[in-house]
Amino acid sequence: MVISVMNNKGGTGKTTNCLSIAGGLAGAGYKVLVVDLDSQSYASFGLGVPYGDLSPSLAEALFGESSLESLVRKTGTENLELVTASIELADSDIVLADLPDRENRLDLLPRPVRDSYDFIILDCPPSVSLLCINAIQASDYYLVPFVPEYLCLEGLITFFDTMERVRKGFDTHAELLGILITMRSPRRMKLRDSEGVNQARITKLVREQYGRKVFTAAITRDPALALAPSFGKTIFELRPRGRAAREYRHLIAEIIERCN
Ligand SMILES: Nc1ncnc2c1ncn2[C@@H]1O[C@H](COP(=O)(O)OP(=O)(O)OP(=O)(O)O)[C@@H](O)[C@H]1O
Ligand SMILES: [Mg+2]
């Protein structure tokens, strides 16, 4: 199963969710590969790869002679492997634009890689660039993290419009796995708290608009989620009994159910 974590708006928790979902699936015994597509390399850092060690990265498979298999690395987490991103991916759209079959380069990745994992999770950069279109074309599903704030709501509408165009233009088969409400305020129940009230209102709107496409599970803002990458650990390793791990367990059960 190949899942892209996407949202063209920046800072909506794509990488954090990618790493936590991957960590949760790996902890549940699934064999998982994370492919970092973002030249900022945050998913790679979060899985413990230092800056000087990012290459060879996905760029070698996309633009060079390397096979994807040769780029796969082990991480400190059992069942969890990684293909890093590096700065060479920053101008990937310019390079991809000149290549034949530019929308399907990632689909040129060998079948054996797909067959070696239960889940491959793609951490996309904040755009709907050619690289992201490649990710979508290689995916069975895409998952959209959504922060319940006004600008993200506007962004979500634009994102789905763009995805509809991509779907028509490139004959995409990837389906929406779900919208994940993330970074919600821990104080949302206090009616005098304006952030909490505002988030509750936007969450209600999104649940009404997108119905069952919104995961029941939602992820609360938790400093431990920002801390985990600095140790190269997933939230399940850093705070296995904390709220975030509990929320992700709920999410992972839903993901597995939806993928089946
Ligand atoms: N649930 C959460 N609780 C606390 N902090 C979070 C949570 N989710 C994400 N963050 C923090 O918010 C910031 C943005 O998250 P993240 O990097 O995952 O977003 P992104 O969508 O991948 O960003 P980009 O668009 O730049 O790739 C990071 O500093 C991350 O640590
Ligand atoms: Mg990111």
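Computed from a predicted model, the values in this text were never measured in an experiment. Counting starts at 1 for both ligands and their atoms, following the listed order. The chain is numbered in sequence order, starting from 1.
- An N or O contact shorter than 3.5 Å links Thr12 to ligand 1 by distance.
- Residue Gly10 approaches ligand 1 through these ligand atoms, each under 4.0 Å from one of its heavy atoms: 25 (O).
- Counting protein heavy atoms only, atom 11 (C) of ligand 1 is closest to Thr16 OG1, 4.4 Å.
- Close N/O approach between Lys14 and ligand 1 is found [any backbone or side-chain N/O within under 3.5 Å].
- Residue nearest to atom 12 (O) of ligand 1, selected from Arg221, Arg243, Gln40, Met183: Met183 (by heavy-atom distance).
- When only non-hydrogen protein atoms are considered, atom 27 (O) of ligand 1 lies nearest to Asp38 OD2, 3.5 Å.
- Taking the ring centre of Phe215 as origin, the terminal cationic atom of Arg258 falls inside the region bounded by 6.0 Å and 45° from the ring axis.
- Using a 4.0 Å cut-off between charged side-chain N and carboxylate O, Arg165 and Asp161 make no salt bridge.
- Heavy-atom minimum distance, His173 versus Ser139: NE2-O, 3.3 Å.
- Clustering ILVMFWY residues whenever any of their side-chain heavy atoms sit less than 4.5 angstrom apart, transitively, puts Ile136 in a cluster other than the one holding Val34.
- Residue contacts with ligand 1 include Thr220, since one or more of its heavy atoms lies under 4.0 Å from the ligand.
- Note: no N/O pair closer than 3.5 Å links Tyr42 and ligand 1 by distance alone.
- Considering only non-hydrogen protein atoms, atom 24 (P) of ligand 1 sits nearest to Gly11 N, 3.5 Å.
- Between the side chains of Thr172 and Arg167, no donor N or O sits under 3.5 Å from an acceptor N or O.
- For atom 17 (O) of ligand 1, the closest heavy atom belonging to the protein is Thr15 CB, 4.2 Å.
- For the pair Ala226 and ligand 1, the shortest N or O to N or O distance does not fall below 3.5 Å.
- Thr220 and Glu247 form a side-chain donor-acceptor contact under 3.5 Å, judged by distance and modelled atom types alone.
- In terms of protein heavy atoms, atom 3 (N) of ligand 1 is closest to Asp222 N, 2.8 Å.
- For Tyr42, every N, O or S atom stays at 2.8 Å or more from the Mg ion (ligand 2).
- Classification of the Tyr142-Phe160 ring pair by plane angle, with boundaries at 30° and 60°, yields tilted.
- With no hydrogens or angles considered, no side-chain donor-acceptor pair links Thr84 and Asp36 at under 3.5 Å.
- Across every non-hydrogen atom of Leu54 and Ser41, the tightest pair is CD1-OG, 3.5 Å.
- In terms of protein heavy-atom proximity, atom 19 (O) of ligand 1 is closest to Gly13 N, 3.0 Å.
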